[in-house]
Structure formats: C-alpha cells, structure tokens
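What you see is a predicted model, and the numbers here were worked out from it, not measured in a lab.
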Amino acid sequence: QVRLVESGGGLVQAGGSLRLSCAASGPTSSTYVIGWFRQAPGKEREFVAVISREGILTEYADSVKGRFTISRDNAKNTVYLRMNSLKPEDTAVYYCAAETTWVIHTADYEYDYWGQGTQVTVSS
C-alpha cells in the first residue's frame, strides 16, 4: 500500500508561484508513475501533469503548459509541481496520484493510489 501526502498549497495572488510536494511512502514508492490532478468547486477532476518513474517523461495539460513544471527526487520519494504565473482559474484542490504501470496516463481511472489533496487559491 502506497501512502501519498501533498503539501505546499496556500493562498497566492495572480501571477505568483507555489511549489507543491507529494511525498510517497510504502513499498517501492519511488518506482511509481506520479500524476497531479485538480478539482475546482462544481467541476470534475482534471489532469494537470504526470511524470514517469525515472523522471524522463512528462506530460502536461494544455492549460498549464509553459507555467507548471513537474519533477521528482526518487532519493526522497517526492514529486514536485512548480506552479508559476498562477491564475485565478488555477484555484482548486490539487491531488497527487500513483499508478503501478510503466506508462504515463492522463486519465484518473488509471491511478491506483491517491493523496488527500492540498488547496490552492489564487486571488485576482
């Protein structure tokens, strides 16, 4: 069983930056594909970014491309999401999730383990 804990959320003004962290614990937790998703009030959960097990492959939603960067430090069992140039529409609860395959996916149903989420609020 893999446990995921997100941190780093908060309140920031538009144009500001935040770095989210996803700390993984459990057996072979550093060898999972990790994705970030978000869910705004009244909206469905949506894909944000994903990173492969070795950190070589990444993929981003069009809405965050060029502003967000996903990275990982397997020695620390942690995946990061650096968010720059934040917009009010980025306001959501951000979740990290882990999947056990070798393929990076953007669909949330492909993921086996989820964290509890961290709130990001961007004021205009």
Side-chain angles (χ1 to χ4, degrees):
Q1 186 78 9
V2 175
R3 182 168 179 257
L4 303 172
V5 179
E6 302 95 337
S7 61
L11 174 63
V12 64
Q13 289 188 330
S17 298
L18 284 174
R19 189 182 76 161
L20 305 184
S21 298
C22 172
S25 60
T28 62
S29 56
S30 65
T31 60
Y32 289 92
V33 168
I34 300 292
W36 283 97
F37 293 79
R38 65 187 183 187
Q39 187 166 22
K43 295 188 177 181
E44 294 188 353
R45 185 165 57 193
E46 64 174 359
F47 165 75
V48 175
V50 60
I51 189 166
S52 63
R53 295 187 180 201
E54 306 88 349
I56 296 173
L57 297 176
T58 59
E59 190 168 338
Y60 297 90
D62 288 342
S63 60
V64 308
K65 206 169 290 183
R67 300 187 298 123
F68 290 11
T69 302
I70 189 171
S71 61
R72 69 190 300 159
D73 183 343
N74 284 346
K76 296 182 178 179
N77 289 341
T78 301
V79 171
Y80 305 98
L81 184 68
R82 177 68 180 181
M83 306 186 295
N84 295 329
S85 302
L86 282 162
K87 305 174 181 179
E89 51 263 43
D90 294 318
T91 295
V93 177
Y94 283 70
Y95 300 90
C96 66
E99 61 156 312
T100 58
T101 71
W102 286 93
V103 180
I104 59 173
H105 290 106
T106 62
D108 58 1
Y109 59 79
E110 299 282 0
Y111 289 78
D112 304 291
Y113 305 101
W114 291 81
Q116 294 300 305
T118 185
Q119 176 71 47
V120 172
T121 303
V122 184
S123 63
S124 56

* To do: Please report the closest heavy-atom contact between V33 and V103, naming both atoms and the distance.
  => CG2-O, 4.0 Å

* Asked: How would you list all residue pairs meeting salt bridge (Lys or Arg N to Asp or Glu O under 4.0 Å) that involve residues 31-49, not counting sequence neighbours?
  -> R38-E46, R38-D90, R45-D108

* Within the distance-only criterion (no hydrogens, no angle test), does the side chain of E6 pair as donor or acceptor with the backbone N or O of T118 below 3.5 angstrom? -> no

* Side-chain heavy atoms under 4.5 angstrom apart, residues restricted to Ile, Leu, Val, Met, Phe, Trp, Tyr: same cluster for V93 and V12? -> no

* Measure up the Y111 and F37 rings against each other and bin them: parallel (under 30°), tilted (30 to 60°), perpendicular (over 60°). => perpendicular

* Asked: Is T106 close to E59 at the side-chain level, that is, under 4.5 Å between some pair of heavy atoms?
  -> yes

* Asked: Do you reckon Y94 sits in the same ILVMFWY cluster as V50, going by side-chain contacts under 4.5 Å, direct or chained?
  -> no

* Structure fact -> Looking only at heavy atoms, the pair that brings N84 and S17 closest together is OD1-OG, 2.9 Å

* Asked: Same cluster for L4 and F47 if Ile/Leu/Val/Met/Phe/Trp/Tyr side chains link at under 4.5 Å?
  -> no

* SG-CD1 distance between C96 and I70, expressed to the nearest 0.5 angstrom -> 9.0 Å

* Asked: Rounded to the nearest 0.5 Å, how far apart are CD of Q119 and CG of L11?
  -> 9.5 Å

* To do: Find the distance between SG (C22) and CZ (R72) and round it off to the nearest 0.5 Å.
  => 9.0 Å

* Same cluster (ILVMFWY, side-chain, under 4.5 Å), Y95 and V79 -> no

* **Side-chain heavy atoms of L86 within contact of Q13, under 4.5 Å** => no

* State, yes or no, whether a side-chain contact exists between W102 and E54 at a heavy-atom distance under 4.5 Å. => yes

* Structure fact -> Closest non-hydrogen contact found for L81 with A49 is CD1-CB, 4.1 Å

* pair Y60-R67: side-chain heavy atoms closer than 4.5 Å -> no

* Rounded distance [0.5 Å steps], CG in L18 versus CZ in R82 -> 8.0 Å

* Do the non-hydrogen side-chain atoms of Y113 and Y32 ever get within less than 4.5 Å of each other? -> yes

* Asked: Side chains of D73 and Y80: closer than 4.5 Å at any heavy-atom pair?
  -> yes

* Structure fact -> So CZ of R53 and CD1 of I34: to nearest 0.5 Å the spacing works out to 10.0 Å

* Asked: So, the side chain of E99 versus the backbone of I104: is there a donor-acceptor pair under 3.5 Å, distance only?
  -> no

* Which heavy atom in S21 sits nearest to a heavy atom in W36, and how many Å separate them? -> O-CH2, 3.7 Å

* Structure fact -> Rounded to the nearest 0.5 angstrom, the CZ-CG distance for F68 and L20 is 8.0 Å

* Asked: Same cluster for V48 and V122 if Ile/Leu/Val/Met/Phe/Trp/Tyr side chains link at under 4.5 Å?
  -> yes

* Structure fact -> What one should report as the nearest heavy-atom pair of P88 and S124 is CG-CB, 3.8 Å

